[in-house]
Amino acid sequence: MKLLYFAWLREKAGIAYEDVSPPESIATVADLIKWQISRGGVYSEVFSDISIIRIAVNQEYVDFEHPISIGDEIAFFPPMTGG
Amino acid sequence: MKLLYFAWLREKAGIAYEDVSPPESIATVADLIKWQISRGGVYSEVFSDISIIRIAVNQEYVDFEHPISIGDEIAFFPPMTGG
Amino acid sequence: MIRVQTENFNVGIELEELTSDDQNIGAVSCFVGLVRDIAGDKIVNSMTLEHYPAMTEKALLKIEIEAIKRWSLSKTLIIHRYGRLNPGDQIVLVATASAHRNDAIEATEFLIDWLKTKAPFWKREETPDGSFWVESRSSDLAAANRWIKGSM
Amino acid sequence: MIRVQTENFNVGIELEELTSDDQNIGAVSCFVGLVRDIAGDKIVNSMTLEHYPAMTEKALLKIEIEAIKRWSLSKTLIIHRYGRLNPGDQIVLVATASAHRNDAIEATEFLIDWLKTKAPFWKREETPDGSFWVESRSSDLAAANRWIKGSM
């Protein structure tokens, strides 16, 4: 599973992407975020306010209850500010 | 008093402008139109449907009750179709 | 700025001039009207725009001033052509520049709506069946009336 | 058409291409977003746009398709830049061509509204006090939500 971070999430995470292999019990984006936080390090700060975090799974916007599976590309980013 | 005609009013009138000297009793645009029609010729056709005629006095839109006086430039035209 | 002319205009150059020397502009909105080769079900061979020279710039300036009063604009530009034009030819350019996009977008829409019903231009279409004066549309009047609020 | 690029673009050339070879186009509407030298009360020295390359064109295409479904459009164009930009630089171009002005104007407004909240771009402003990620505005979200009607 490939995790991507953009904008200030990337800066807080200190990395732009990482490969992770969560256990099978991690079934949704929300599960994944909790699991990341449980791993310690910067993640509790990265995910400290999920109200300002948006997610894409395989380049499609999804909500926190979206299912995830092996091979997915999961991106975390703040609300978009293009245009 | 200078009268101008535009678009199909010009075509119906057969002229683009004319100088007229109506009597003093002709005080408004509506008076002027009636007076023009009374002069005969093409004018009853030019002014046959005043619902589709617009007027400017001295290059400002006005309504039929607008006063007119010597030296005014009075233009008659259909609704505008610019842009 | 108002220009009434027979010559064509270059939109790219006009927009560049609109934004040059002001780095507080965040948004440029523009509209270009062109001659179509079909109007309703008629083929249009060419179009002739008549106008009222002594009044046109005055009327356009009035519309431009109204836009400047209503929105926060850095620059505004209206170019309107007259004379004989062919399908594909540009007729009119409306462009506005502002710090914020809402001002630019709304003002441009306002300008083109009012210009259509308040600037003294008349279009005649030359078709295979003869020449016809274009009739004003109630939809254009309705669009213009959206912006009425007591003034002008 | 969608283009995501670091290079600048020439609005005049882009609009010409939009209308070439189709004389049934009567209206072109366009919007250009530029980098301002001031944001709120901060001086902006430069701006850096980050994006999500694998997703950006996909997201823009989705927005473009939505516009084509909703309005009658002959052509649409979105160009969005990324990377480091300076005040006065062009960021984004949205342009639409249609037979009728309402379609072109509304679709352009829709595209810029949705693009602002649905395309994966993030702006960072470099100011004399340091670098700051631009926060999304509730007004932008409100503008985007005007166009919601079940779909997408």
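It should be emphasised that the depicted structure is a prediction, and the values quoted were computed from it without experimental measurement. Note on naming: letters A, B, ... go to the chains in the order of the sequence lines (proteins, then strands), and numbering restarts at 1 for each one.
Counting heavy-atom pairs under 4.5 Å between each of D/Ala27, D/Gly88, D/Gly12, D/Ser29 and chain C puts D/Ala27 at the top. Put simply, of C/Glu14, C/Gln23, C/Glu16, C/Glu109, the one with the most heavy-atom pairs under 4.5 Å next to chain D is C/Gln23. Chosen from D/Asn24, D/Val32, D/Val11, the residue pairing most often with chain C at heavy-atom distances under 4.5 Å is D/Asn24. Of the listed residues (D/Leu93, D/Leu15, D/Ile25), the one with the most heavy-atom contacts under 4.5 Å to chain C is D/Ile25.
Distance alone, capped at 3.5 Å, places no donor-acceptor pair between the D/Ser98 side chain and the D/Ser74 backbone. Using a distance-only test at 3.5 Å, with no hydrogens or angles considered, no donor-acceptor pair links the side chain of D/Lys123 to the main chain of D/Leu49. Looking only at distances, no side-chain donor or acceptor of D/Asp37 sits under 3.5 Å from a matching main-chain atom of D/Pro87.
C/Asp113 touches chain D through backbone and side chain together, each having a heavy atom under 4.5 Å away. In this structure, chain C has heavy atoms under 4.5 Å from both the backbone and the side chain of D/Ala99. Proximity to chain C (any heavy atom under 4.5 Å) is restricted, for D/Ile105, to the side chain, taken from C-beta onward.
In this pair, D/Phe121 and D/His51 present their aromatic rings parallel. The plane angle is below 30°, not in the 30 to 60° band.
Cation-pi geometry between D/Arg146 and D/Trp114 is not satisfied (NZ or CZ under 6.0 Å from the ring centre, within 45° of the ring normal).
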Any chance you could lay out the salt bridge (charged side-chain N to carboxylate O under 4.0 Å, His left out) test for C/Arg84 and C/Asp89, step after step, and finish with the verdict? CA-CA 10 Å; C/Arg84 195 164 181 279; C/Asp89 283 354; over 6 Å; no
